[in-house]
Amino acid sequence: MKRSLILTVLVLAAACTKETTAPPPTSTQPPPKPQLAFVRDAHSYANPSEVRVEHVALDLKVDFAKKQLSGTAALRIEKQADAKTLILDTAGLDIHSVKLQPGDASAPFVLAPDDPILGRKLEIPINADTAGVTIDYTTHPDARALQWLEPAMTAGKKHPFLLSQSQAINARTWVPLQDTPQVRFTYEATLHVPKELSAVMSAENSGARNADGVYHFKMPQPIPSYLLAIAVGDLVYRPYDNRSGVFAEPATIDAAVHEFADTPKMIAAAEELYGPYRWGKYDLLVLPPSFPYGGMENPRLTFLTPTVIAGDRSLVSLIAHELAHSWSGNLVTNATWNDFWINEGFTTYFEHRISEKLYGHEYSEMLWQLGLTDLKDELSTLPPKDQGLYIDLGGRNPDDAPGIVYEKGALFLRLLEETAGRARWDQFLRTYFDTFAFQPMTTKRLLEYLKTTLPDVVKRVNVDEWVYGSGIPANAPKPASQAFARVEADAKRFAEGAPARSIDMSKWSSHERVHFIQSLPNLYPERLESLDQQFHFSDSGNSEVLSAWLEKALDSGYKGVYPAVERFLTTQGRRKFLKPLYERLAKSDIALARRIYAKARPSYHPVSQSTIDEILK
Ligand code: BES
Ligand code: ZN
């Protein structure tokens with residue numbers, strides 16, 4: 001097994017170096033490469049080593065009244081000659097019929113009983129000459145990937161909105177498919193939506209409104225299922241240039257275009273680091289505030305929370321992050337969710353490199369340090385078995401996976417960089433993305449590749465401790481920001497009794513404010529009140545400053561922030577902000593937590609709902 005992996009790696013590497021005679025790869029055509037061996041994925045029922053879905057054609061009606069998608073998914077398959085069954089993942093789907101040929105009667109199929117995490121296995125018997133199947137189906141109104149927003153939950157307040165979040169294993173709640181990141185398919189789609197709305201997908205988007213409400217999409221690059229995405233709403237498009245631009249509601253578009261104006265520069269910086277952007281366009285979609293994540297790297301169209309629109313472009317490292325996924329994650333893809341660090345650790349490292357290129361070393365050190373604070377906080381809550389980069393998620397929903405792989409993974413790559421030297425390391429990463437583009441990557445395969453390519457580096461860092469061990473290894477790089485050192489001195493002074501007005505924050509970035517707050521010990525309510533009077537943290541329009549402040553205040557038992565907490569929890573639904581605040585409220589005032597949640601829950605995405613349900617159950 002080990003042998004054959006090394007061999008595959010070598011063959012691929014060789015195929016990549018003798019490119020002198022072959023035409024250069026165009027941006028729309030991935031170089032044809034053999035699929036690497038499949039490994040077991042505990043989060044999918046699919047049998048891709050026998051039958052593999054290679055193309056999906058959707059024809060769906062978007063029904064806001066019923067909160068349903070209904071129509072057909074036609075799957076083209078590639079199979080072993082003796083394959084007898086196509087196995088798909090589904091969850092909450094009503095399957096009306098399965099046809100092996102258009103015009104046939106429904107073929108037999110078996111839907112297994114429901115598993116609360118994995119959903120229902122769909123088994124379709126196939127023949128020697130079966131080239132594909134067409135499934136007629138309807139989604140459930142509670143489909144975990146989808147959120148159906150009432151007009152009141154949008155910026156414009158006039159039209160409903162639909163948004164999806166397929167990562168990690170939610171694609172199966174809106175399309176029957178092989179929901180494992182090891183299977184890649186191209187896709188096309190026809191969507192029928194209300195005439196006054198626009199539809200977009202993680203595919204080629206024209207940006208134009210179609211008066212008849214019918215939208216066609218094509219996605220020529222093969223993607224794993226978790227990158228399948230859809231949004232429908234009152235959207236307008238404004239280009240930055242011919243490669244990137246912003247989709248948003250009319251009420252949000254101006255602020256969004258201003259906030260993310262560095263996007264073209266970020267793409268250029270990313271390409272300079274690790275090679276050509278291979279997906280054609282890179283657009284942003286600003287969603288209503290209930291979007292459960294900061295961002296989601298849907299190919300060609302990053303999905304974004306509006307909570308990063310701070311007015312001063314201070315939170316745009318999130319764009320750098322989602323853009324970086326166009327290499328780490330979307331090109332080279334974690335083979336299973338246990339290998340999630342291969343997506344997020346690499347991306348967080350790459351994100352910091354883009355920030356450094358655009359905004360300088362001192363700036364990116366601040367971001368590294370903020371990340372380190374989060375990492376330490378989370379590590380202190382996790383059992384040792386969940387503290388490695390590789391995490392066994394069997395039996396759990398990967399949506400609830402620990403987040404430590406982001407910063408711990410990034411630190412590990414920074415250690416490799418510091419050990420190899422930047423030039424050599426960058427060359428390594430560039431070749432890695434080229435070699436494994438459009439392929440799944442396991443932790444094992446990556447470590448083999450690292451050992452063959454940078455043997456001296458691997459000998460000098462303790463790889464196994466990083467990947468399988470707990471905590472932060474002693475050889476971890478130590479990010480250091482001078483600005484933060486000054487901020488810490490002020491926090492210490494304040495903690496020792498200096499008055500709030502003696503601190504001058506007027507020239508501080510939001511990162512310095514966040515670091516100041518996080519550097520404070522728990523304080524008496526009067527002290528926190530004096531800070532709030534001086535600096536108005538409770539009214540901050542910067543969501544990172546606000547959430548850091550509210551967390552610190554609740555940790556200190558300062559009830560004066562309750563109204564601000566309630567406002568924040570009822571006006572946005574980003575899980576990263578909701579979770580720590582509900583956890584704290586659940587400890588200090590469970591009745592209040594439940595009252596706020598009763599009001600807010602209908603406006604949260606199913607992903608956030610299930611996390612908060614768990615906290616307040
Ligand atoms: N791909 C993730 C979001 C995700 C992870 C969705 C796992 C579902 C399961 C995305 O790239 C991400 O990491 N978003 C972060 C922002 C980032 C700057 C740390 C977020 O949402 O906060
Ligand atoms: Zn990410």
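Positions are given from 1 along the sequence. Counting convention: from 1, in listed order, for ligands and their atoms alike.
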*Any salt bridge (charged side-chain N to carboxylate O under 4.0 Å, His left out) pairs touching residues 361-382, not counting sequence neighbours?*
Glu365-Arg414

*If you measure from the Lys or Arg side-chain nitrogens to the Asp or Glu carboxylate oxygens, is any gap between Arg575 and Asp399 under 4.0 Å?*
no

*Between the side chains of Ser202 and Tyr187, is a donor N or O closer than 3.5 angstrom to an acceptor N or O?*
yes

_With a 4.0 Å heavy-atom cut-off, what residues sit around ligand 1?_
Gln165, Gln167, Tyr293, Gly294, Gly295, Met296, Glu297, Leu318, His321, Glu322, His325, Phe340, Glu344, Tyr406, Arg574

_Of all pairs that satisfy salt bridge (charged side-chain N to carboxylate O under 4.0 Å, His left out), the ones with a partner from residues 310-332, not counting sequence neighbours_ = none

*Does anything in residues 323-337 pair up under salt bridge (charged side-chain N to carboxylate O under 4.0 Å, His left out), and if so which pairs, sequence neighbours excluded?*
none

*Can you give the angle Glu344 OE1 - the Zn ion (ligand 2) - His325 NE2, rounded to 10°?*
100°

*Using distance alone, with no hydrogens and no angle criterion, decide if Asp426 and Tyr274 have a side-chain donor and acceptor under 3.5 Å apart.*
yes

